[in-house]
Amino acid sequence: MNTFNWIDIVTSIFFIYGCLLFGSYLLNAVLSLSEFRRYSVKNKYVDYKTMLSFEKIPTVSVIAPAFNEGKSIVESVKCLNSLSYPDYDLIIVNDGSTDDTLKKLIESFNLIESAQAIDTQLHTESIRNVYYSRNPVYSHLTVIDKENGGKADALNAAINVSNKDLFLAIDVDCLLEPDAIERMVKPFIEDRKYEVIAAGGVIRVVNSCNIENGKVTEVKYPKNFWAKFQVLEYFRAFTLGRMAWSKINGLLIISGAFGLFDRNRVINVGGYDRNTVGEDLELVVRLRRYMHEVEKKKYRVAFIPDPLCWTEVPENFNNLFRQRNRWTRGAIDTILKHRKMFLNPKYKLIGLLSFPNWVLFEWLGPIIQFVGLLYFIFLAIFGAVDYKIFITLLIFVFTFSLMYSLFAIFFEIYTFNKYKGSGFFFQSVLVIILEMFIYQPLNMIFSLSGHLDYYFKRKTHKVWGKMERVGFH
Amino acid sequence: MKRLYIYLRFYFVTLLYILLTMLLIVGAYIYSIPSIKLGSHIITNHFYSNLGSIPEWLYIVNYFIFVFVIAIIIIIGWTIRYSVRKKRNSAADIIFQEKYIPQLFEYLFSEHEYSEEQKKNKLNELNAEITSDYLRWTLVNVLREINVQTKGTVNQKTQRLFDTLEMDYLVYSYLKSLHVKDKIFAIKTISIFKLSYYEPQIIKLTKSRNLIIRSESIVAMMHLNAENNPLSFVLSDGYIPTLWDLNLIIKTITELEVKQIDYVGLINSEKEFISLLGIMLARKNNQTQFNQIIAAKLSRPNRMISDEAFLTCVSFAENADDYNELINKYLLASENLKLEIIKCLRYSPDTQSAIKFLKWVVESQKLVQKLEALKSLFELDFNTVVFYKNSEDEYIRKSCLQILDINL
């Protein structure tokens, strides 16, 4: 085989990979549009207040682990306590914080220590104390103070204490819309054909928004550029990506910051995996495996596109780097752990489509991008680049990315329109252009560092992956 | 004419999709040939001349770039158009809020009685100014909300005003519309203003596959038949409710304070959710006379029905014999049902039997049930809870302390 043949073969591989990637994006856009239309017709005009007086609806525990959240914990608990769902309780887990998180909780909510008999169905680090509020306004609040064991361990402790049908796992710094639980619970009581085992929701960026009494009162486009990039990224990931996977019941991830689960089934599969940093992805994959291997029933993981949960995203390079590095390690860990599912027809669509998608584009994606870049430099050095082809392909990628991101922005304006004013649209166009040249290459580097850390440092266990919070304004 | 307009509006997006797809296909075809002959005209594809200098796949890539650029222009155009339309509607809303709402409130809530002449003039003024469908739609929505939230004179005034406004053509065309939003508007209006001549159409809609249309139609049917067996449609062939419908029916029945319910028909229905509905309604309305029929459902294979029947029998139990019979079956109940039964016993008329049963649960059952039983005992017999404070069983002791800590 001569050199040029070899170059042709490698180039073809990259080209095919690129075609698959762009094809999957296009398919995502079409499927998400169709799914959103279906969801909108079904839910847009539902009066969720009617659910408040329903007799037979699942009970829910909102569980939120906290580690060094002193800056925002009080506001967060106030917000979580003011949800409108008729039968829910709130369980905050202080996972061995070293700051004043527990002290603030005790003082602000008039907590008292209480004996607690816990049915330990999931193994966790030891629980120091359980607190309840003497203030009747916070009668649904339970605070668990435990030894540090990581986020998954804290979530498991809360699942042990809960005795409700479903649990809503959230990040404690998230702010929820008052009717968030009703909207998430609805698929559990309306589906006739499938059993709903979990439901995921959309996360929105709260940076720069106005907040009063734990509620987002005015949605503003972030001032910080890192946050602006993430707003765009979240639009694409949630409204186009997850919506599309939900359409074909192939959703593999429910964000750890906001997901509703069937408690009994989660206990049956052994709860959150304490030995991974991607516990959210891992749990959904394990639940799906359990449904295929054990229960063998028709089931569904639902996705709710309404903006119900607001979270603060990293506003600086270091925090963003740490977060993405952790996400990558979590994804690799889950993929390797459940590799049996890859192209396995036993798991139907999950094994044949969703899982391979994660392997090809989430796991291998950054590596292929990086190798492709090195390959291009190599070809350029040896004068083997046809610049006419290169520029055409560059324009192709540029126009496609612009179209795809603009579509995501249009989708937001057309559906929820949370960001008011024409400034949002024009700023977004600028962000889309900058994102292609700054944010996406950086994201590739963050992911690569996650790969390196995973394979060479084995950083997977019990890491909270904290980011410094600014706190709510 | 209005219906034609609504149909065109509904299919506009679909037509646009078809048109764009056809353009893409035709465009791809024209792009792939050197020229096309239309009658006596020959249109030359100038891009085709480049094909000799670049590979064919790159030629296709060029076409995709062209398509993406067109798509970008369309998306930007749509976004601007949509933003402008939203602004226009919110401007109309502001005018409605500032101009018509005060007038409407003044008319509905003032104690001053208008003469027929004055009423006629006011109505003419209103009709002359509310010209667009959007404003009419908003006006009816406001009237409906006021009607729901008021009673007596104001309620009657809204009803009269709606009748006088002659909006029937609007309700009819919106009921036939394919847009969910329009349909819901029509169903709600029919429901609140009791336009019973639409009942046949509403019955059809109670079987709709769309949950929200089905829900609104169920409520509408019950409103239209509030005085005369409002659940008759539930027993009709082909109606299969979901858990959502069931909750909604119970809610509406409670709000309308319906007395006339065919409990036997519902409980004995072959359809599982309808049977469940009957049992739930019987328990809610304390219809103890149906105890025997409900007890027969304890053996139904559907867990929801047997659980609900069990719970209902517990809440209907009156003496020690009833309790003993139920205790014998307690161990067969699901975990959730056991907790429900324990909670239910707080309201038992035979306190002594209930306490005896709860003590048995505390001493012999699982931790979660112990906790719930102690909570019920706290309501029924405080001394028993204090007694368990010194129990030798660590779990009972801890559970007991937990209940006392929280409640004292």
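Just so we're clear, the structure is a prediction, and the values are computed from it rather than from any experiment. Quick note: numbers below take in every heavy atom, side chains included, and nothing from hydrogens, waters or symmetry partners. Just so we're on the same page: letters track the sequence lines, and every chain starts at 1.
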Q: Contact part of B:S399 toward chain A, heavy-atom cut-off under 4.5 Å: side chain, backbone, both or neither?
A: both

Q: What part of A:F398 is in contact with chain B, defined as an atom under 4.5 angstrom from a non-hydrogen atom: side chain, backbone, both or neither?
A: neither

Q: Can you list the residues that meet the salt bridge (Lys or Arg N to Asp or Glu O under 4.0 Å) rule with A:R183, with sequence neighbours excluded?
A: A:D179, A:D306

Q: What do you reckon, is OH of B:Y63 surrounded by more than 12 foreign heavy atoms closer than 6.0 Å?
A: yes

Q: Between B:E308 and B:R283, is there a salt bridge with N-O shorter than 4.0 Å?
A: yes

Q: Which answer fits B:Y17, side chain, backbone, both or neither, if we ask what part of it has an atom under 4.5 Å from a heavy atom of chain A?
A: side chain

Q: Is A:K186 paired with A:E182 through a side-chain N to carboxylate O contact shorter than 4.0 Å?
A: no

Q: With side chains defined as the heavy atoms from C-beta onward, is the minimum distance between B:I249 and B:L277 less than 4.5 Å?
A: yes

Q: Taking A:Y131 for its side chain and A:L141 for its backbone only, find out whether a donor-acceptor pair lies under 3.5 Å.
A: no

Q: Relative to each other, are the rings of B:F68 and A:F396 parallel, tilted or perpendicular (30° and 60° limits)?
A: tilted

Q: Below 4.5 Å, heavy atoms only, C-beta onward: do B:L24 and B:L20 meet side chain to side chain?
A: no

Q: Parallel under 30°, tilted from 30 to 60°, perpendicular over 60°: which one fits the rings of A:Y414 and B:Y82?
A: tilted

Q: Below 4.5 Å from any heavy atom of chain A, which atoms of B:R85 appear? Answer side chain, backbone, both or neither.
A: neither

Q: Quick one: what part of B:E394 sits under 4.5 Å from any heavy atom of chain A, side chain, backbone, both or neither?
A: neither

Q: Quick check: under 4.5 Å, non-hydrogen atoms only, which of residues 44-57 of chain A neighbour chain B?
A: A:Y45, A:V46, A:T50, A:M51, A:S53, A:F54, A:E55, A:K56, A:I57

Q: What part of B:I76 gets within 4.5 angstrom of chain A, counting heavy atoms only: side chain, backbone, both, or neither?
A: both

Q: Can you label the angle between the A:F36 ring and the A:Y39 ring as parallel, tilted or perpendicular, going by 30° and 60°?
A: tilted

Q: Among B:R214, B:E216, B:M304, B:E255, which residue forms the greatest number of heavy-atom pairs with chain A at distances under 4.5 Å?
A: B:R214

Q: Which atom names give the shortest non-hydrogen contact between B:Y174 and B:A186, and what distance separates them?
A: C-CB, 3.9 Å

Q: Please flag which part of B:K86 lies under 4.5 Å from any non-hydrogen atom of chain A: side chain, backbone, both or neither.
A: side chain

Q: At a heavy-atom distance under 4.5 Å, which candidate from A:L406, A:V130, A:N163 has the highest pair count against chain B?
A: A:L406

Q: Please classify the contact of A:F407 with chain B as side chain, backbone, both or neither, using a heavy-atom distance under 4.5 Å.
A: both

Q: With a 4.5 angstrom heavy-atom cut-off, could you sort out which part of B:K370 is near chain A: side chain, backbone, both or neither?
A: neither

Q: Quick one: which of B:V67, B:L401, B:I213, B:L367 has the most heavy-atom pairs under 4.5 Å with chain A, could you say?
A: B:L367

Q: Roughly how far, to the nearest 0.5 Å, is the NZ atom of A:K297 from the CD atom of A:E195?
A: 4.0 Å

Q: Let me know if B:L248 has heavy atoms under 4.5 Å from chain A in its side chain, its backbone, both or neither.
A: both

Q: Heavy-atom distance under 4.5 Å to chain B: side chain of A:D165, backbone, both or neither?
A: side chain

Q: With chain A, which of B:I65, B:T242, B:I396, B:L371 has the greatest number of heavy-atom pairs at distances under 4.5 Å?
A: B:I65

Q: Please answer whether the main-chain N or O of A:L21 pairs with a side-chain N or O of A:S24 as donor and acceptor at a distance below 3.5 Å.
A: yes

